[in-house]
Every structure is written in structure tokens, then in C-alpha cells.
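Just so it is clear: chains get the letters A, B, ... in the order the sequence lines come, proteins before strands, and each one is counted from 1.
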4 protein chains.
Amino acid sequence: MKHEGTLGVAVIGTGRMGSDHVRRIDEAISGARVAAVMDVDGERAEKTAAGIPGCAAHTDAAAAMDSPGVDAVLIASPGPAHEAALLDALARDLPVLCEKPLTPDAASALRVLDAEVRLGHRRVQVGFMRRYDTEYVQLKALLDGGALGRALMLHCRHRNVATPPGFTEAMMINDSVVHEIDATRWLLGQEITAVSVVKPAPSSAAPDALSDPQLVILETSGGAVADVEIFVNCGFGYQVQCEAVAERGSARLGDAHGLYVNAAGRWGGAVAQDYVDRFRDAYDREVQHWVDATRRGVTEGPSVWDGYAAAAVCEAGVRAQSSGTRTEVDLAARPPLYA
Amino acid sequence: MKHEGTLGVAVIGTGRMGSDHVRRIDEAISGARVAAVMDVDGERAEKTAAGIPGCAAHTDAAAAMDSPGVDAVLIASPGPAHEAALLDALARDLPVLCEKPLTPDAASALRVLDAEVRLGHRRVQVGFMRRYDTEYVQLKALLDGGALGRALMLHCRHRNVATPPGFTEAMMINDSVVHEIDATRWLLGQEITAVSVVKPAPSSAAPDALSDPQLVILETSGGAVADVEIFVNCGFGYQVQCEAVAERGSARLGDAHGLYVNAAGRWGGAVAQDYVDRFRDAYDREVQHWVDATRRGVTEGPSVWDGYAAAAVCEAGVRAQSSGTRTEVDLAARPPLYA
Amino acid sequence: MKHEGTLGVAVIGTGRMGSDHVRRIDEAISGARVAAVMDVDGERAEKTAAGIPGCAAHTDAAAAMDSPGVDAVLIASPGPAHEAALLDALARDLPVLCEKPLTPDAASALRVLDAEVRLGHRRVQVGFMRRYDTEYVQLKALLDGGALGRALMLHCRHRNVATPPGFTEAMMINDSVVHEIDATRWLLGQEITAVSVVKPAPSSAAPDALSDPQLVILETSGGAVADVEIFVNCGFGYQVQCEAVAERGSARLGDAHGLYVNAAGRWGGAVAQDYVDRFRDAYDREVQHWVDATRRGVTEGPSVWDGYAAAAVCEAGVRAQSSGTRTEVDLAARPPLYA
Amino acid sequence: MKHEGTLGVAVIGTGRMGSDHVRRIDEAISGARVAAVMDVDGERAEKTAAGIPGCAAHTDAAAAMDSPGVDAVLIASPGPAHEAALLDALARDLPVLCEKPLTPDAASALRVLDAEVRLGHRRVQVGFMRRYDTEYVQLKALLDGGALGRALMLHCRHRNVATPPGFTEAMMINDSVVHEIDATRWLLGQEITAVSVVKPAPSSAAPDALSDPQLVILETSGGAVADVEIFVNCGFGYQVQCEAVAERGSARLGDAHGLYVNAAGRWGGAVAQDYVDRFRDAYDREVQHWVDATRRGVTEGPSVWDGYAAAAVCEAGVRAQSSGTRTEVDLAARPPLYA
């Protein structure tokens, strides 16, 4: 179903991510408007809606989806609330952009998958925004173009300045490495079949309970190997790098760029301090791409299958973290809808 | 006057630049739509309008501005047609984004300036898109912040792959160096007071009549000096670089970045091949910024004064090119409207 | 024992490495001269000696060491010949620079170690030339200085253009990764306690029998983890990189540098094509340092213990390659001589 | 005349540069030794000689040259003393390495030139050490190779942290830009025919009398143009860069390299703080090359003509500095000896 006019979007969840998406749709995206917002905190929902002409505020996701003028749904509520919202949206056959994770675990992701399969067509794009980052797109094109031959290894770095209180080892996989998991699957066009985790003696900058950094090793169905440094208390900045090593060359993304300054005996520049700074343009492109595809009547980008597979790999990763042994990924059969 | 709804834009001129802006407003800009297009080639205007819902096609600029739903004007016709279109728009008190050059010479630019001064408020933003390039914005902020002290020199490189037939030496100044002229004025917040041109023996890759490359030296009212390499047949790519040298450090923009590839005995990456590739995001930000400001009821960005001053410096530059001597810039008094 | 005059060196082995050292001592090193050369191929020895004033040619290592004017020995014969030559030199209490590997296996290395321990003082420097590379020296100083805190991980890349005929998987460890093994021990001041090897599906550019590339993971006594990409048929160049990740920052060496060229649509530069090109200066500094220390009457640099420990880690590495399982390193007790 | 044994060098002048050369010959150079030193400060000469076996101390340059075992002369005394020492050495037909400047002015340089021409063969190498810097050598080879076509422009940066007391504007040309003058002549194989100087408003970090920085423009006999930023109080480091712009590409040297560090929100590295740090290896190679050539019985490298031409260009440069006008270089005819 094409949407010829401006796309009315219901934004579910108005926390940090959700309110950023509301602002984005309002200010930066062509062809869409925020028609409704929902938050369990009704006051927050009202406050967010107040700035947007014609935007309704709700405390119930389904009610927000049923609001007048709603053509599509952007889910940015906390992960545990995703399944219900996704099933509500699929029941209404509404196009969805669902922030990652699809759902917090593989079993619930599979239930969403089953619902979409029953619907018979894709309606959900999952919010793996790196697929819209300029350099990732260039790397994907370079690998797909074949000039460097088959990709053999990926070397990935994922560094955060510091963790908020309550950040757990499992979250290092589920919240952070999940991006490398999706990027690896997408860049190589392969499934991840096994995960190992090696833990160095932790940094003294890490909270007590956190073995930080870690080296996560992913093996893929095509025999490639990706190693991921996850370091969530690196102190100096937010830094994402990836080098693909292929048969006839290698290609690296994520080198710091921007202004090159000479001052006080040093040359160099500033490291981004958070993901908003680093991936701002990728988020803009992601949402614009979703709006454009939705208006053309199609669903593209990362699928429910991608969300489910990432969840399954994360589960194996968390088990590998605890057990210290190589852990195989248990993946359901891929339905033809996602072929 | 605020524009609460979607801004209806009349695009004057549907050549390469104009049709790119039509596509941009249609696909990438939030809060605006193309309400009318105008081209002296009526067929081209019709063709462009055909793809846009509710877009009228005209062969007369004033008629396009009077089209229903037109709130603002984007002028992208050839330079010689700018003056008339600008005066038409100002007569209607319509907000304008005018592609550079404002007009082809200082005298006509001054007539537009007089018209806007008579109107009593700014209505025109001139299309110096570099002011919206991420790195230029960072450089401006760094210099304004004062951490490096006062800027003393700028070293600028402006390289094009090759010139189209009919490209003249004067166009090296008027079409190319004009960007460095505006960037120098803007980065330093100073006027350019004199221009010198030094011509090396030309490249054998340059057409017969063209002394290419050239070194253009700009002196400013604050005593700074900018040197500009203009090389419009450099062969290898489109490359714009600028290093500001200040009292306590220097800062450079325009280093190639993006993917870093090892292959075939070389490390490195791809150089952009044209300005569309290099400044795509800057154009998007420029137009979005104009739309946003216009909807808020204000006019910001490069002014008619900036367009006039650039034209006056270009005239001095072209005289310096012919005479081989340092040529002072003859600048009118700056009206208080542009203080 | 100090050597006040020019140091007379017997060079054992005049193959590629040995003849390069002969040339080096003759042309680039201050305070030394080649007093004798030895090669089992007498003709080759004669030929090498011919160009050097006062240089004797031998086919027997001990005879070369006994040649008039010989004050010190540089061993550059094939690995299996090292043990005998080392024992000959130690029997004469002659200072030695022994090309890596010290000996081909841990057992023979231990015999050399025992001989030096019996001698009661160090006489042997092992040829791990990376310790003399400018950037490695800077990295060591940065880590030792403590500004970045304790080192947690090393990410290493070791890439060769292509393998010669007969190159085996074990040689990937023994000839190539041995450098990262020594560098890890030296940079961190820790022993390596375990090795794991992960093998991606091999590159189609690798010879049939060679699973190339591989990811080798080293664990250290201090809890650090080093991952090493060894790729001996990478095709594009000889490239050695190392990033140390520490508690408050990271530092990387081995980025390509030298001329930065814009041409044919690309920016970048040339990758070194072999270790001679990449480590020429390091070899010069290594030999100069050995000559200087020897003339001052001391033995410094990588020790027999370092050579033995590297051999022991290599043995574990080769076992890990075959078994596919994490393999602990079996290390003898470190004699006080090497404290 | 070949020197088969170790070359005995008399070092004239044991100030900063001279004592550094004494140390270099003693510790780092193959095939040479310091046979005598001379300084007008006899105590300083004695002190320097004391550490070197068999080294005589003198207060008279000619006496030092006549010392036993002296085969060649390295002149590192203050510039005004060069002419006499050069004439003394030429009178003895001794090979010379003379630190830059050859002599302080063109007239005295011409007298030395005449003396060498009368001698009938080259005996003097002038100490323009940049010709031995790895990157300069690569740039020269790249330009000579022709892959980029003819060189059209050079963009040069020459930055010092700060000036010592008494540093004058003329010294900005004579002591600093003289290196770019020689490099331009050498890289292009052309003479410099005219000099212009443009002075921005000076940095507040510059001493009162010094208009710092300046932009010096050199024109060459082949029609190339070199612009040189000379900034001797830049504050942040010692930085020398040069970009050659040719018909089919450009090549830049002097980008900072070495360790790439992430820390405290910044990426980057350290800028060299003085010329000793930046050009240490170039000095080593320069002296080694001179010793090697001298032992082979030849004189190579920068010639007396190069020293004279640099002096003549400097004189034009200093005149251009004062007059503010483009100043042509007045050059004698080049004797066939330097063809």
C-alpha cells in the first residue's frame, strides 16, 4: 500500500531514543510527520506531543496506533515492551521501524517472526542503523563488488567512554556487540554459527562486576572469522572501527577524521564522545529510508529475521561469556519470506 | 512572517543545479515542497513538474512566484538571470535562496542590495554552501572559540578534474575561487582588500587558452593573508582543502577520508570526483537551514552583502589576473542592515 | 671485556640475511668490520669475503671464530645450525648476535641457555629486530611511562605478500608470529602462558596445504590478551601493525606513512613489499646497538631466555594449530641470570 | 683520490652543530673517525677531543687540517668563518662537507666557487641535509620518474616553535627559508629567478621586531611557483611540509606520523619539537653519504654552485622582504664544472 501524502507516524516510547526520533521526524525527515506519541509516562507523552502540530498523546501503544492519521509505527520503547507493540502493529498490518533489539531474547523474536510470516509479507524494519552509515555502506559495496575477493576476517573495535550504573556483562553483548553481530551478518551475507569470548584481566576503570574489555570471536557459515574488541569503559571516546580482510586486500572504516589540528605539541583531532555524535547521519538516513520505502509501499532494510538471528547469536554470546567455551548458535530454519 | 505548514517553494531554473534542488526538496528536506518550477525551456519545466504532486510549471519567473501555494523562491537559473528574479522576489517580499553568484558582477549585485535595503529587512540567502559543510563549520567554531588565537593565514586548495569547453580564466575566479573568497571572509569575519595572482607555466593538461593552475593571494582588512591554489584541470579529482594558521596552532580541513583500503601495493582511498559528491551533505544542510529559518520567519546565512562583496573581490581578482599586479578591492559602504 | 678499537666480527652464514649483515657492517655500522665469514658453501664465503679488506673466508664456524682479529660473532646461518655455532661461541666466551630463531625448538634453546648460564654471564643477543624499530620503541616507552595505564590487549597484524614454495603452517608460527610473540613479551614485560588458533576458511590465494590466514590468540601471565592476524599471502604488501589497548587509551603503530600522493582518483601511498624495506632501519639500529654494547663490554637486548621463551610459545602455538584447542605454554624456570 | 682505510676527519667548529657531528662520526658513521677538532674556544676544542681516541685539538682551522691523519674536513663553524676555512681546505685539495650556509653572502660564495673552479674539480659538499631525508628523496624520485608529469607548484610550510633572542627578519630567509630555496632548486632541477614576500599582520607571539609569519613566493626558471609559509614562532612544534603539485597529481611530505594515540578525547600524535628530532636520520645519511663518496674518491651532493645560488636567492629574498616588491635574482653564469 503506497502512501502518497505525508506519512503519519506513531512513535511508541518517548525516552532518549524515542524523543530523538520525534525531533528527527519533525525537523529532518522529508515526507513524514509525528501523528501520535505513546509513553507509559503520560506526562512525558503529553510534553513531547505538545511541540508537534496535530500530534496526539497516549499511554497505550495500540491506542496510539489507532490514532487518526497514523500510517506507520516507530517503536522506541524499552526492549521488553517491543513484542507486544510489534504484535499490535502486525495485527493492524502497519509498517514498523523497530529500534534494536527486536525483542530481548530469541524466543520472543521468534514469536514476532511467526506473526509476520503468518501475515505473509514484511512489515517490520529493525533499527540496525550502522547499515546506513556512509562508511559501512561503502565497505559493503566494496566487498560485494568483489575487487578484493572473498572476505576472510573482520577486526572490529567497539569502545564506549564509560558504562552507566547497572551495566552488566550480558549487556556488553546484548546492547553493544549486537551491532557487530548484525554488521558481520550483513557485510558478509552469512549467518554466525559460533561465539567464543576471551576475557583479559579487567581494566581498573571498569566497575567491580564488569570484566571489561573482552574479545568476542564470531565464526560464520561461510568460514569467516570476526574478532570484536568490546571495551565499554575505554575512557577516551566512542569509537567504532571495522577492518575487513579479504583475499586481495583489506579495508578499514572508522578512522577518526574531521579537522586535523596542530596545537600544543600534538597533531590530530577529536574523538566522538557518544553514538549520537558518531551515528547522527546514519540515524537520519535510516529513518528517511524507512519513510521513503513505506511511502512506496515496500518494507526494506534489516528484517525480523535479522533481529531474530542477532538475538540468537547474543544468547550464544552470553552463554560463551559465562562458560568460557566456544558456543554454537542454535538457529531456527529461515522462512522463505526472508530468503 | 512565520510559515507554520509546509513551505511551498518556487524553483527558478531547472538545469543541473535547479533540478537537483527540486529533487532535494522533494526527497530530502523536511517541511518544504516544490509548489512551482520555472524554466525558459517550457518542456524542461513541464518534465520536472510532472514528477511532483501539485507542482505548476512556468516559463516566466514572476508567474512562478505568483503560483498558488508559493511561499518562497529558490533561484537556480543562470547567473545573468538572477538580478531580475531577485528583484521580482523582493518586490513580492518573498524569502529567497539564490544560488551563487548573487549576480554576475558587482554593479548588478549592488542594485539587488539597494532593493533589499529599501525593503528594510533581509529576505535573501546566497548559496555559499561551504558554510554548511561539517568541517568548515568546525573550523569556523574553532577559530571563533579562540583556542588557537587570531588567524594569520589560510592555505587553500581548489582542484577540479577538468574544465568543460569554453571555460575561461575569468571563470577560474568567478566560478571557483569565489568559494574561497566567501570562505575567507566568513571564517575570518573580515573583508578582502586586495588580490594578487601568480601564474606558473600552465599544465599541458590545460586547454590552450587557460593558464592553469594559478596562485591567488587575498589580503584582508584584518591583515590576514590567504593563498589559493586554483587548479581546474588537476586530473585526479575534486579536492577542496583549507588550512588556517593561527597564533597558537593550525587546523586543516579537506583531508581525504572514508574507507582506508590496502590493495595492489597501495594504501589509501578514493578522491571525490565532483562537487556534488564532495558537498552533497552541505547542500542538504544549506537548504534545510533555509527552509527552517524561513518557516520561523527569519532570514539567515550568507547575505546579499556577502554576495556583493564576493562579486567585488572577483572583479579585482579578474583584473589582477590580466594585469599581473596586486589589485585593491573597491567596496561600497556596508549598509547597517548587514552590520 | 671492552673492545676499544674496531670490533672484528665473524659472520656465520652468508645467505640472504648473512650477506645483508656483511654489507651492513661494512657500509653502515660504526666501530665494526667483518673480520671473517663462514658458509658451508665455500665459494659463496670466498665471494662474500672478496669485497671486504682483511676478511677471511671459512667453511667451518669454529674456524671462522678462531680467525685473527675476530672479537665477536654474528650468526645468520639456517636455524638448525645455530645451536652448534652458539655453543662454539660460548665456549670461546665470544659476544654473539644470533639471528632469530635462537634455535629451531625449545629443547635445543634450553641447551644453549644452560651453556650461557654455566658461563655465568650473558654473551648472546637474539635478533628480534622489532625491538629496535622506532615506532615499537615509542610504543614501549609510552606503555612503560604509564600515561595510558596498564595494557589490556594487543591487536596485531602481520601480513606478507606471498609465501615461497614449501612454506608450511608451522612456519606461520615459527617464522612469522614469533615476532609478535617476542614483541608481546617485551612490550608487556610478561610471559605468554597459552595460545589458541582460529582458522577461517583459507584464501584462494594461499597454496593448497596452507590454511592462510589465521587468528592466533596469546594470553599472558599478567592477564593481557594479544590477537594476531597472520596472513602470509595477503597479496598487497608487507604490513606489520600493532595496537595496544590500555586502561586510559590506545596506541597504534604501523600505519603506512611516507609520501601522500593524489593521482588517478586515489589518495594514499605505497605499502612496503618486504621486511627488508619495512625494517631496514631497525636492522641497522639493532646491529649498531650490539656493536656499541659489545665494545663497552656488555651484552644487552633480547636474551637467550627471550629466545627460549619464544621457542616454547611457538611449540605451543604449533600444537594449538593442529589440535584446534587452547594450549598452555610449558616454560622452564627462569634462571637468575635473566632476572 | 680514494681513501681505502678509515677516513680521518677534521671537524672545524665544536658548537652545537659541530659537536653533534663529532658525536655522529664517532658513534654512527661507518668508515670515518674524528682525527682533529678545531674551535676558537680552545677549551671547548680540548673537551670535545678528550672523548675521542687519537683526536687532536686546535684553535686554528688550517692547523687542524694539517693534523696527522686528516683526510677530509667538516666545517661547522659560524657562517662568517666558512670562507677562510673553505679556501684553506681547497688550497690543500681536501674533501669538505660544509654546513649551510656555504658563506653568509653571494659575493663570498662566489669567491669560494672561483677557488674550486680554479682547482678544476669538486671538493665541497654543502650541508643541505633535506636532500637526504627519506621523504624528500622519495618526492624527488617521484617527480623525476615522471609519473605525475611536470611539477607546477610547491606548497611549503616551515614552522619553528619559537625564535631565540636576536633573531631577525633576514634570518627568517637566510637560516630558515634557505632550506626551501635549496629544496625547490633540487626537486625541480631549476634555478630560482624571482622572490616576493607577503607579510600578514604578525602573530602576537612573535617578538616586537619580527613580522612573523611571512609568505615567500619563489619563481623558477622553468616557470614553476613555490609558496613558502615561514613561521618561526608557531608555538606547537617544528614542522616541515612540502606538497608538489604536478600535471597529473600531487604528492605531499611531512605529514606527522609515528604512534597514533587515542587518549583523553583526542586521536593523533606528537609533533617534533626541533630540527634535530625531525632530521636526525637525514643528518646521519648526509654524513655517511659524504664519507662513502669521499672514500670512493668522488664529491657528490649539493655543490658550491648550490651554495652560491642559495645565497643569491636569499639576498633577493631579504631585499624583497624590505621593499615589499617582487625581486629578481641576480645569478652569475654557471661554470661548466657544475653542469
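- The heavy-atom pair separating B:Ser203 from D:Leu152 by the smallest distance is CB-CD1, 3.7 Å.
- Contact count versus chain D (heavy atoms, under 4.5 Å) is highest, among B:Ala205, B:Ala224, B:Gly235, B:Gly223, for B:Gly223.
- The minimum heavy-atom distance linking D:Met153 with B:Gln214 is given by the pair CE-O, 4.0 Å.
- When every heavy atom of B:Lys199 is checked against every heavy atom of D:Val225, the shortest pair comes out as C-CG2, 4.4 Å.
- Of the two parts of B:Ser250, the backbone and the side chain both hold a non-hydrogen atom closer than 4.5 Å to a non-hydrogen atom of chain D.
- Taking chain D as the reference chain and counting heavy-atom pairs below 4.5 Å, the highest number among B:Pro202, B:Ala246, B:Gly237 is found for B:Pro202.
- The neighbour count for D:Asp330 CG, taken as heavy atoms of other residues, nucleotides or ligands under 6.0 Å away, does not exceed 12.
- Most heavy-atom pairs under 4.5 Å with chain B: of the set D:Thr220, D:Asp212, D:Val245, this distinction falls to D:Val245.
- Closest non-hydrogen pair, D:Gly222 versus B:Ala201, comes out as O-CB, 3.9 Å.
- Here CG of B:Asp227 is found 7.5 Å from CD1 of D:Ile217. Values are rounded to the nearest 0.5 Å.
- Contact of B:Ala206 with chain D is not made at all, since no heavy-atom distance falls under 4.5 Å.
- When heavy atoms are compared at a cutoff of 4.5 Å, D:Arg248 approaches chain B solely by way of its backbone atoms N, CA, C and O.
- The contact between B:Arg157 and chain D is made entirely by side chain atoms (from C-beta outward), counting heavy-atom distances below 4.5 Å.
- With chain D as partner, the option from B:Arg326, B:Arg150, B:His155 having the largest number of non-hydrogen pairs under 4.5 angstrom is B:His155.
- Among D:Ser204, D:Cys234, D:Pro213, the single residue meeting the side-chain contact (heavy atoms from CB on, under 4.5 Å) criterion with B:Glu247 is D:Ser204.
- Classification of B:Arg252 and D:Glu243 as a salt-bridged pair fails, no side-chain N sitting under 4.0 Å from a carboxylate O.
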